[in-house]
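Lettering of chains follows the sequences in order, A, B, ..., and the numbering in each one begins at 1.
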Amino acid sequence: MPNRSSTTKIIFLLRLIEACIGSKSLKQGKIIHQCILKLIGEDFGSQSPHLDKLVRFYLSCNRHQLAHRVFNSIPNHSRKNKTILWNQIIRAYAWDGPFEKAVDLYNEMVDTGVIPTKYTFPFVLKACSTLQDVDSGVKIHGHAKRYNLENDVYVCTALVDFYVKCGYLVEAREVFDGMPRRDVVAWNAMAAGFSLHGLCLDAIGLVSEMQNKGVEPNSSTIVAIMPSIAETCRLREGRAAHGFCLRRDFHDDVVVGTGLLDMYGKCGKLVHAKHLFKTLALKNEITWSAMIGAFVTCDYVEEALELFKKMRMEASMTPSPVMLATVIRGCAKLNDLNVANQIHCYTFKSGYVSDIIVCNTLLSLYAKCGSMNYMIKFFQEMQAKDSVSYSAIITGCVQNGNAEDALQMFHKMQLSGFEPELATMMGFLPACSQLSALQHGICGHGYSVVRGFESNVSLSNALIDMYNKCGKIEEARLVFDKMHGRDVVSWNAMLVGYGIHGYGKEAILLFQNMQNEGAQPDYVTFVALLSACSHSGLVSEGKYLFHVMSQEFKILPRMDHYFCMVDLLGRAGLLDEAHNFVSTMPFEPDAHLWNALLSACRIHKNIELGEAVSKKIQSLGPSSTGNFVLLFNMYTTAHRWDDAAVVRITQKDLGFRKRPGCSWIEVNGIIHAFVGGDRSHPQFAMINKKLDELDVEMKIMGYSAESDFVYQDVEEEEKEKILLYHSEKLAVAFAIISLKAHKPIIVTKNLRVCGDCHTALKYMTIIAKREITVRDTSRFHHFREGICSCGEFW
DNA sequence: ATAGGGTTAG
């Protein structure tokens with residue numbers, strides 16, 4: 001027990017402490033604390049009122065744990081009356097962490113019998129949302145009711161904020177709707193919540209609602225809904241918000257200004273974004289980042305990189321990982337491996353290679369620059385991977401034509417314990433499309449439904465494409481019909497489906513539906529339509545569509561459209577018309593387009609024009625082996641072996657090789673691939689036996705190997721063998737022996753199906769009594785009872 | 001306030 005003189009000393013010391021609270025001098029405070037301890041010994045009890053000051057002092061120095069320790073030394077009967085101190089320590093923990101301690105202390109407070117106040121709840125709830133500790137938050141909500149604070153504006157706003165940040169929007173809305181009085185902070189919390197969870201239209205709607213209710217938005221309101229306006233490209237609302245800021249004088253605030261700048265960038269209004277950037281009095285790193293992002297989004301990558309350089313030089317700011325990710329996203333648009341390597345080096349030097357967001361952006365960069373090797377290598381080097389990393393690499397594989405690797409990565413991802421997300425499925429489903437892997441695709445569909453991804457328009461579009469490419473056009477249409485909101489991609493995907501199945505009339509019908517529903521077609525729509533006409537031989541319809549495209553829909557024809565038209569006219573045998581059409585083009589035709597004409601020349605055996613076209617192609621420089629193959633095929637079809645030989649020699653001299661034909665089929669979720677003459681399949685003996693059987697029966701029915709399709713100058717018997725082992729025949733024979741009779745056979749080929757195979761497959765449908773479908777690079781061939789659905793348009 | 005993975009055509 002201290003004596004009188006020590007009491008005087010303590011009082012003196014506590015005065016000193018009070019002074020320290022103002023000056024936040026931790027060192028001096030600690031010394032004074034020691035002095036007090038010496039004076040009063042271990043018996044704090046009687047001195048506890050004075051210890052409050054020490055607690056406050058430590059809190060003012062941000063030493064929550066020390067403050068807490070002093071607070072704990074006060075006996076419980078005395079702590080009971082110190083609600084404000086409880087609140088202050090909880091607040092300190094909720095602000096800076098450790099956040100668990102805020103929740104623990106709150107629980108201790110309630111257990112001690114201290115009644116929390118309306119100021120307690122916002123703090124502890126903030127800690128709960130930071131921890132994503134829903135259980136504690138819900139319990140605390142119960143306490144608020146118990147203490148009759150459920151109608152308090154502060155408490156309710158805190159509850160809304162808590163529920164929103166934990167993703168419980170229904171509960172948030174319930175609390176919000178139940179509030180007897182709502183101030184601007186409450187409205188902002190709700191709007192920010194909608195914004196945060198991508199419910200953009202709800203967020204925007206809420207702001208008009210609040211204005212109708214007579215509550216004036218403030219700058220936080222603007223900041224809260226700006227991302228929603230940006231994401232939905234609601235330029236009208238964006239402009240209105242900008243005007244509001246000008247009238248209220250918010251516009252010079254960095255946060256508001258940056259939000260507006262970002263919104264204009266995302267809405268494609270680069271001029272406005274640039275203007276804001278120029279006029280904003282105070283800019284920070286985020287402002288610069290938003291401006292660079294605006295350039296990238298609007299495809300002004302050079303300008304973005306320039307500004308990035310300028311920032312480092314003139315403003316001498318160091319970029320944050322967020323900014324670096326934006327810059328890398330820009331680099332990806334350049335499709336230049338050198339740039340990719342440069343920015344990778346820069347990232348390495350900057351020390352951000354451990355930032356997962358930056359790393360994932362780098363993955364996507366390499367994927368878009370077409371470098372599978374760098375992408376895989378970097379992926380393996382990454383110390384930390386998450387589901388986004390896997391999604392990026394899956395999409396990267398698909399983008400580079402390695403769908404099988406994509407499926408493997410998808411499998412590996414799950415083994416690593418990551419659940420596929422929406423964007424993962426956006427990579428997985430196109431992989432199934434590419435492979436015609438129907439069984440994987442169906443699993444993906446099921447999973448997407450379970451996860452609720454089906455409501456996403458883009459995902460449904462990917463499903464439509466998957467079913468179309470797997471030959472299940474009816475399923476595709478079911479998905480299409482079930483969709484709530486369709487975008488232009490949905491229509492296009494379905495149109496493409498009809499096109500590749502040879503349903504030209506259905507495509508045109510769907511286009512009419514599209515117009516009736518007021519959907520605006522784009523240039524892809526017309527590519528799809530024209531190619532559908534081409535595959536169905538609808539010449540006049542195609543010509544009409546080409547005409548209305550520019551006249552009515554104001555869409556300028558591009559190379560693809562001209563290509564489709566040449567293809568359409570050429571296949572139909574209108575070679576001169578096709579040739580004339582090319583000469584009317586407003587820009588130079590490319591080799592690809594001439595190829596379409598050359599291909600038509602081959603089908604219709606017009607050697608004269610074919611040679612002229614071929615010369616044209618050669619003058620453009622040999623850009624692909626396709627030219628040689630076509631010319632070669634044309635000569636051989638005409639039995640002009642010498643000319644054919646010259647082409648083959650030239651091709652060899654120039655170092656071009658024919659791409660090997662490859663066909664594959666999915667059996668029980670496993671992809672079996674065959675190349676021409678392939679004997680490597682484990683069941684080759686059985687396949688061979690089946691092929692021989694089929695060959696005998698086909699010949700009885702009148703089939704003779706069309707050796708014209710063998711362009712090697714070898715003996716007739718040898719030619720037959722080569723044809724019999726064409727990859728599509730191998731795949732079909734394998735399918736017949738390994739799939740039950742009622743199962744459909746769907747074979748996919750990486751090139752156009754060969755003419756001899758096309759004939760042979762017709763016989764095979766009769767012999768094997770089953771339907772066979774082959775998807776080649778341009779369309780589906782459904783063989784049934786000796787007929788192919790393509791009607792020889794391929 | 002800025003930030004990573006995404007659908008259709010050739």
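Residue A:K283 is classed as having no contact, given no heavy-atom separation below 4.0 Å to the nucleic acid. No contact: A:K385 has no heavy atom under 4.0 Å from any strand. Looking at heavy-atom distances under 4.0 Å, A:L459 makes no contact with the nucleic acid at all. Within the 4.0 angstrom heavy-atom criterion, base atoms lie near A:Y523. Residue A:N456 is classed as a base contact, given a heavy-atom separation below 4.0 Å to a base. Contact annotation for A:V255: base contact, defined as any heavy-atom pair under 4.0 Å involving a base atom. When heavy atoms are screened at a 4.0 angstrom cut-off, A:S387 is found touching base atoms of the nucleic acid. As judged by a 4.0 angstrom heavy-atom cut-off over every strand, A:D386 is placed among the base-contacting residues. At the heavy-atom level, A:I356 lies under 4.0 Å from base atoms of the strands shown. Residue contacts for A:V388: at a heavy-atom cut-off of 4.0 Å it reaches a base atom on one of the strands shown.
In this entry the distance linking CG of A:L529 with P of B:dG10 reads 12 Å, nearest Å. To the nearest angstrom, C1' of B:dT8 lies 14 Å from CG of A:L429. Spacing between atom CZ of A:R329 and atom P of B:dT2 amounts to 12 Å, rounded to whole angstrom units. In this structure, CG of A:L422 is placed 7 Å from C1' of B:dG6, rounded to the nearest angstrom. If you measure from atom CZ of A:R477 to atom P of B:dT8, you get 19 Å, rounded to the nearest angstrom. The distance between atom CZ of A:F378 and atom P of B:dG4, rounded to the nearest whole Å, is 16 Å. Atom CZ in A:R486 sits roughly 21 Å away from atom P in B:dT7 (whole-Å rounding). Between A:L196 atom CG and B:dA1 atom P there is a gap of 9 Å when expressed in whole angstrom units.
Comparing B:dA1, B:dG10, B:dG4 against the side chain of A:H592 picks out B:dG10 as the nearest. The side chain of A:A290 sits closest to B:dT2 out of B:dG10, B:dT2, B:dT8. Each of B:dG5, B:dG4, B:dT2 was ranked by its minimum atom distance to the side chain of A:D262; first place goes to B:dT2. With B:dT8, B:dA3, B:dG6 as the choices, the nucleotide that has an atom nearest any side-chain atom of A:N492 turns out to be B:dT8. If you check B:dT7, B:dA3, B:dA1 against the side chain of A:T326, the one that comes closest is B:dA3. In the set B:dT8, B:dA1, B:dG10, B:dG10 carries the atom at the smallest distance from any side-chain atom of A:S531. Here the side chain of A:K368 is nearest to one of B:dT7, B:dG5, B:dA9, namely B:dG5. Nearest nucleotide to the side chain of A:V496, out of B:dA1, B:dA9, B:dT7: B:dA9. Residue A:K469 places its side chain closer to B:dA9 than to any other of B:dT7, B:dA9, B:dG10. Taking every side-chain heavy atom of A:T424 into account, B:dG5 is the closest of B:dG10, B:dG4, B:dG5.
For the 3.5 Å distance criterion, the side chains of A:S433 and A:D465 qualify, holding a donor opposite an acceptor. Side-chain N/O atoms of A:Y264 and A:H275 include no donor and acceptor closer than 3.5 Å. Side-chain N/O atoms of A:K412 and A:S416 include no donor and acceptor closer than 3.5 Å. In the model, A:N360 has no side-chain atom that pairs as donor or acceptor with a side-chain atom of A:Y390 under 3.5 Å.
In this structure, A:K283 forms a cation-pi arrangement with A:F277, its terminal cationic atom sitting closer than 6.0 Å to the ring centre and no more than 45° off the ring axis.
Between A:K310 and A:E306 no salt bridge is recorded (no basic side-chain N to carboxylate O distance below 4.0 Å).
At least one donor-acceptor pair closer than 3.5 Å links the side chain of A:Y447 to the backbone N or O of A:P420.
Residue A:Q399 places no side-chain N or O under 4.0 Å from the OP1 or OP2 atom of B:dG5. OP1 or OP2 of B:dG5 lies within a sub-4.0 Å distance of a side-chain N or O belonging to A:S364.
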